[in-house]
Amino acid sequence: MTFGGLPTRWEPPGASRGVALVAPGRAYSPSAPLLEFARRALLQHGFIVQQLWWDSTTRGEEDPGTWVRRHVAAAHAAEGADRVLVVAKSLGTRAAAYAAEHGLDGVWLTPLLVEPVVADAIGAHPGRQLLVGGLADELWDPGVARALARGGCEVLEVPDADHSMGTSDAVRTVEIHVEVARAVDAFLARA
């Protein structure tokens, strides 16, 4: 499968442990750093990776949550796998309700915790979840993150990271991305 000439699906070198659906952000494609490092970690841990590529400007008047759900549900249905994990960034974290309803573990990169529908869906999910966000991100609510951590979610909160998990300093941004990659790797190692 390809999107704009780019591959969207990768197979791990050995036996598969399941399928990971990667849902991007509004303006953050699956090839952007956080999702690219997640793809590499998923492959390393034996997951088939299926990236969802979308142009969020085409959703028209459709509610963003409904729009994301439709895309993730279609990708999930196409897989037919016993074990599916959702890895999502920002807009893609609106898939949290779908993941909770279907018992799919989740890695939520910069989830929209200021959106009650997203925070409530993550909180209602009984499965394994990793939340990653920064205190300089206006869409991250540290109080909600703490409550979700008490509810069983693993949380990586980076004090100086913004919504892209970066800062104005290039080296510090790379350091943050290494922290995120380590957290995703550790989460997958325990899966």
Side-chain angles (χ1 to χ4, degrees), residues 3-4 6-10 12 18-56 64 68 71-72 75 84-96 99 104-115 118-119 121-122 128-142 144-145 148-149 153-191:
F3 178 85
L6 298 172
T8 65
R9 185 178 184 85
W10 285 266
V19 175
L21 304 176
V22 176
R26 181 182 56 79
Y28 197 94
S29 80
S31 65
L34 292 172
L35 294 176
E36 172 59 16
F37 295 141
R39 179 188 71 83
R40 290 173 183 268
L42 288 159
L43 289 170
Q44 178 182 328
H45 288 279
F47 285 88
I48 295 167
V49 178
Q50 178 60 59
Q51 295 174 329
L52 284 69
W53 286 74
W54 54 44
D55 177 359
S56 63
V68 168
H71 285 275
V72 171
V84 177
L85 166 75
V86 179
V87 178
K89 166 83 171 87
S90 189
L91 174 66
T93 67
R94 290 182 180 273
L104 311 177
D105 291 345
V107 174
W108 312 116
L109 304 172
T110 66
L112 308 174
L113 294 185
V114 297
E115 298 282 337
V118 175
I122 292 170
R128 293 186 69 238
Q129 299 179 91
L130 170 64
L131 283 65
V132 175
L135 292 178
D137 178 0
E138 67 282 355
L139 301 175
W140 177 266
D141 184 321
V144 170
L148 292 169
C153 292
E154 295 180 40
V155 176
L156 170 62
E157 186 173 75
V158 181
D160 54 342
D162 61 19
H163 193 62
S164 67
M165 293 306 292
T167 71
S168 60
D169 181 272
V171 172
R172 177 62 185 134
T173 297
V174 171
E175 291 169 348
I176 292 168
H177 281 71
V178 169
E179 279 184 67
V180 174
R182 284 189 176 129
V184 171
D185 180 64
F187 179 83
L188 294 172
R190 293 187 297 274

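Start at 1 with the first residue, then count along the sequence.
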Kindly indicate whether the side chain of W53, heavy atoms from C-beta on, has any atom under 4.5 Å from the side chain of S29.
-> yes
Does R40 have any side chain to side chain donor-acceptor pair (under 3.5 Å) partners at least two apart in sequence or in another chain, and if so, which?
-> E36
Which residues satisfy the salt bridge (Lys or Arg N to Asp or Glu O under 4.0 Å) test with E157, sequence neighbours excluded?
-> none
What one should report as the nearest heavy-atom pair of A183 and L130 is O-CD2, 3.8 Å
Shortest non-hydrogen pair, A23 vs W54, comes out as CB-CH2, 3.8 Å
When you measure from the side chain of Q129 to the backbone N and O of I122, does any donor-acceptor pair fall under 3.5 Å?
-> yes
With the side chain counted from C-beta on, respond yes when L109 and S90 share a heavy-atom pair under 4.5 Å apart, and no when they do not.
-> no
Heavy-atom closest pair (V118 atom, R94 atom, distance to 0.1 Å) is CG2-CG, 4.0 Å
Gap separating the CG atom of L135 from the CG atom of D141, nearest 0.5 angstrom | 10.5 Å
For V132 and M165, the nearest pair of non-hydrogen atoms, with its separation, is CG1-CE, 3.8 Å
Ignoring hydrogens and geometry, is there a side-chain-to-backbone donor-acceptor pair from T93 to K89 under 3.5 Å?
-> no
Atom pair OG/CG of S168 and D162 - distance to nearest 0.5 Å = 9.0 Å
Residue pair F187 / V107, side-chain heavy-atom distance below 4.5 Å | yes
Between W140 and L156 the two heavy atoms that sit nearest each other are CH2-O, 4.3 Å
Pick from V184, D185, L85: which one makes a side chain to side chain contact (heavy atoms under 4.5 Å, CB included) with H45?
-> D185
Roughly how far apart are F37 CZ and H177 NE2, rounded to 0.5 Å?
-> 6.5 Å
Name all residues meeting the side chain to side chain donor-acceptor pair (under 3.5 Å) criterion together with D137; count only those two or more places apart in sequence or in a different chain, and write none if there are none.
-> H163
Answer whether the closest heavy-atom distance between the side chains of D160 and I176 falls below 4.5 Å.
-> yes
Side chains of Y28 and T110: does their closest heavy-atom pair fall under 4.5 Å?
-> no
Can you tell me how far CD of E138 sits from CG of L112, rounded to the nearest 0.5 angstrom?
-> 10.0 Å
Looking only at heavy atoms, the pair that brings L35 and P30 closest together is CB-O, 3.5 Å
Could you tell me the separation between the CG atom of L21 and the CD1 atom of I48, rounded to the nearest 0.5 Å?
-> 10.5 Å
Is it the case that more than 12 heavy atoms not belonging to R182 sit under 6.0 Å from its CZ atom?
-> no
Is L104 close to V72 at the side-chain level, that is, under 4.5 Å between some pair of heavy atoms?
-> no
So do the side chains of L91 and P24 get within less than 4.5 Å of each other, counting heavy atoms only?
-> no
Does a side-chain heavy-atom distance below 4.5 Å link V158 with R172?
-> yes
Backbone N/O of A186 and side chain of R190: donor-acceptor pair under 3.5 Å = yes
